[in-house]
Structure formats: C-alpha cells, structure tokens
Amino acid sequence: MDIKDNERKFLIEDHDYDGIKELDNKPPPWLMWVFYLTVLWSAGYFGYFVFFGGPNQATEYSKEIAIVDSTKTDSLTKGLDENNIVLLKDEKSFVAGAELYKSKTCFTCHGNNGEGNNVGPNLTDNAWIHGNKPNEVFKTIKYGFITKGMLPYKDQLSDQQILELTSYILIKFKGSNPANAKAPQGTVIN
C-alpha cells in the first residue's frame with residue numbers, strides 16, 4: 001500500500017529526532033476491537049472477583065489442600081500409627097514391601113537380603129539396635145535415627161507403605177540367614 005506524497009505530509013507527526021520523523025499510522029480496526037474486548041473482559045473479571053465475591057487465591061488454595069488431604073488418607077490408613085499396627089501377611093503386601101525396599105534404596109545400607117553392610121545393621125538376626133517389635137521397627141522407619149544414619153521416611157511414605165515395609169522386613173528377612181551377613185549389633189531379642 002503506497003502512500004502518496006500529499007497524504008504522507010498529513011500523516012507525519014510534527015516532531016522529529018535526529019532527522020527521523022514518525023508516521024501517524026492508525027492501528028487496524030480488528031486490533032482495536034480486540035483491545036476493546038479485553039478492556040471489557042478485564043472490567044467484568046475485576047468486578048466479579050472484587051465486588052461480587054468471586055473466589056480469591058486463599059479460598060482456592062484451601063479447596064485444593066482439602067482435596068489433597070482427602071485423597072491422602074484412605075480407609076486403610078485412618079488411625080494407623082506405631083501404637084496400633086498389625087503386621088500384614090498377604091503376598092500383595094510383601095510384594096509392595098519388597099518394591100519399597102528397593103525403590104527407597106534401603107538395600108544400600110542394609111544389603112539386598114537384609115544382611116547389613118558397612119553402613120546399616122543386619123536385619124535378619126535377633127540382635128536389634130532399636131528393637132524388633134513391629135511398632136519399634138515401624139517407628140524407626142517413620143521417624144529415623146539421624147545420629148545413626150537412618151533417615152526418616154514419614155514425608156516420603158504413607159503409614160500404609162511403612163507398614164508394608166515393616167511387614168516385609170520382619171516376616172521375610174528375620175531369621176533368613178543370608179550369606180555374608182554382618183555380625184550382630186545391638187541387643188539380642190527373641
């Protein structure tokens with residue numbers, strides 16, 4: 001689209017900067033309509049959220065947290081803690097416990113078969129540092145013993161998962177006598 005010389009004189013702004021003059025080009029009508037629609041939309045948006053009680057960020061956050069909390073606790077883990085656990089004895093729980101043992105890298109400190117190594121104690125004998133009752137093992141996994149190098153898993157595992165791991169350790173490992181087992185540590189408990 002060519003601009004004729006007489007139109008160019010009309011379109012040129014009266015200011016210049018270092019000999020550069022600016023043309024007064026009007027934006028196309030469709031762009032102006034988009035602009036007007038966005039202004040109307042923002043006015044309606046502002047009115048809805050400020051004057052007519054639309055949900056604010058704090059309300060939305062509370063709703064999201066409530067949804068997450070409701071999905072976190074299922075019927076199996078309600079009221080489950082170290083004081084009222086019962087070992088799981090079904091194969092599905094053992095498979096889940098074995099998978100957790102591998103995925104949470106328990107084997108790096110306690111060995112592939114619970115035999116222990118330079119870092120972690122043997123989980124297959126009757127000598128235990130922090131007790132071998134189900135609630136004591138559950139508590140050790142959940143809260144850890146940082147001074148001994150045992151990390152807490154309360155933020156990484158649900159109580160149900162900790163129970164599956166506890167059951168796997170106490171039923172599948174205890175008394176299994178693997179090769180190259182570490183010497184007993186702690187108090188011998190029968």
### Task
Taking all non-hydrogen atoms of both residues into account, name the closest pair between His110 and Tyr101 and its distance.
CB-OH, 3.3 Å
### Rounded distance [0.5 Å steps], CG in Leu163 versus CG in Leu157
11.5 Å
### Task
Could you walk me through whether Leu87 and Leu170 pass the side-chain contact (heavy atoms from CB on, under 4.5 Å) test, one step at a time?
CA-CA 8 Å; Leu87 289 180; Leu170 290 178; 4.2 Å; yes
### Query
Atom NZ of Lys172 and atom CG of Leu123: how far apart are they, to the nearest 0.5 Å?
15.5 Å
### Task
Taking the six-membered ring for Trp and the full ring for Phe, Tyr or His, determine whether the centres of Tyr168 and Phe173 are under 6.0 Å apart.
yes
### Query
Under 3.5 Å, is there a donor-acceptor pair between the side chain of Glu64 and the main chain of Tyr61?
no
### Query
What closest approach, in Å, do Thr124 and Asn113 show between heavy atoms, and which atom pair accounts for it?
CG2-O, 3.4 Å
### Stepwise side-chain contact (heavy atoms from CB on, under 4.5 Å) check, Phe49 with Asn56
CA-CA 7 Å; Phe49 285 102; Asn56 59 19; over 6 Å; no
### Query
With a 4.0 Å cut-off, would you call Lys142 and Asp159 a salt bridge?
yes
### Query
Is Lys89 reaching over with its side chain to a backbone N or O of Ser167, donor-acceptor style, under 3.5 angstrom?
no
### Task
Would you please test Lys148 and His130 for side-chain contact (heavy atoms from CB on, under 4.5 Å) and show each step?
CA-CA 11 Å; Lys148 297 282 188 174; His130 301 292; 3.9 Å; yes
### Task
To the nearest 0.5 Å, tell me how far Lys133 NZ sits from Trp128 CH2.
13.0 Å
### Summary
CD (Gln161) and CD (Glu99) are apart, to the nearest 0.5 Å, by 10.5 Å
### Query
Are any non-hydrogen side-chain atoms of Glu115 and Lys182 less than 4.5 angstrom apart?
no
### Task
Determine the minimum heavy-atom distance between Cys106 and Leu165, stating which atoms define it.
SG-CD2, 4.2 Å
### Task
Given side-chain contact (heavy atoms from CB on, under 4.5 Å), test Ser103 with Leu100 step by step and report yes or no.
CA-CA 5 Å; Ser103 70; Leu100 287 168; 4.3 Å; yes
### Query
Can you name the nearest heavy-atom pair linking Asn117 to Cys109, along with the distance?
OD1-O, 2.7 Å
### Message
Do Met150 and Val119 make a side-chain contact, defined as non-hydrogen atoms from C-beta onward lying under 4.5 Å apart?
### Response
no
### Task
Compare all side-chain heavy atoms of Asn84 with those of Asn135 and state whether any distance is below 4.5 angstrom.
no
### Task
Please check if the side chain of Glu136 supplies one atom and the backbone of Asn132 the other of a donor-acceptor pair under 3.5 Å.
yes
### Query
If you group Ile, Leu, Val, Met, Phe, Trp and Tyr by side-chain heavy-atom gaps below 4.5 Å, do Ile146 and Phe138 land in one group?
yes
### Task
Please check if the side chain of Gln156 supplies one atom and the backbone of Tyr153 the other of a donor-acceptor pair under 3.5 Å.
no
### Query
Considering all heavy atoms of both residues, which atom of Asn122 and which atom of Gly114 are nearest to each other, and what is their separation?
OD1-O, 3.1 Å
### Task
Can you see which heavy atom on Pro27 is nearest to which on Met32, and at what distance?
CG-SD, 3.4 Å
### Query
Hey, is CD on Glu60 packed in by over 12 heavy atoms from elsewhere, all under 6.0 Å?
yes
### Query
If you look only at pairs with a residue in residues 30-45, which of them pass as a side chain to side chain donor-acceptor pair (under 3.5 Å), with sequence neighbours excluded?
none
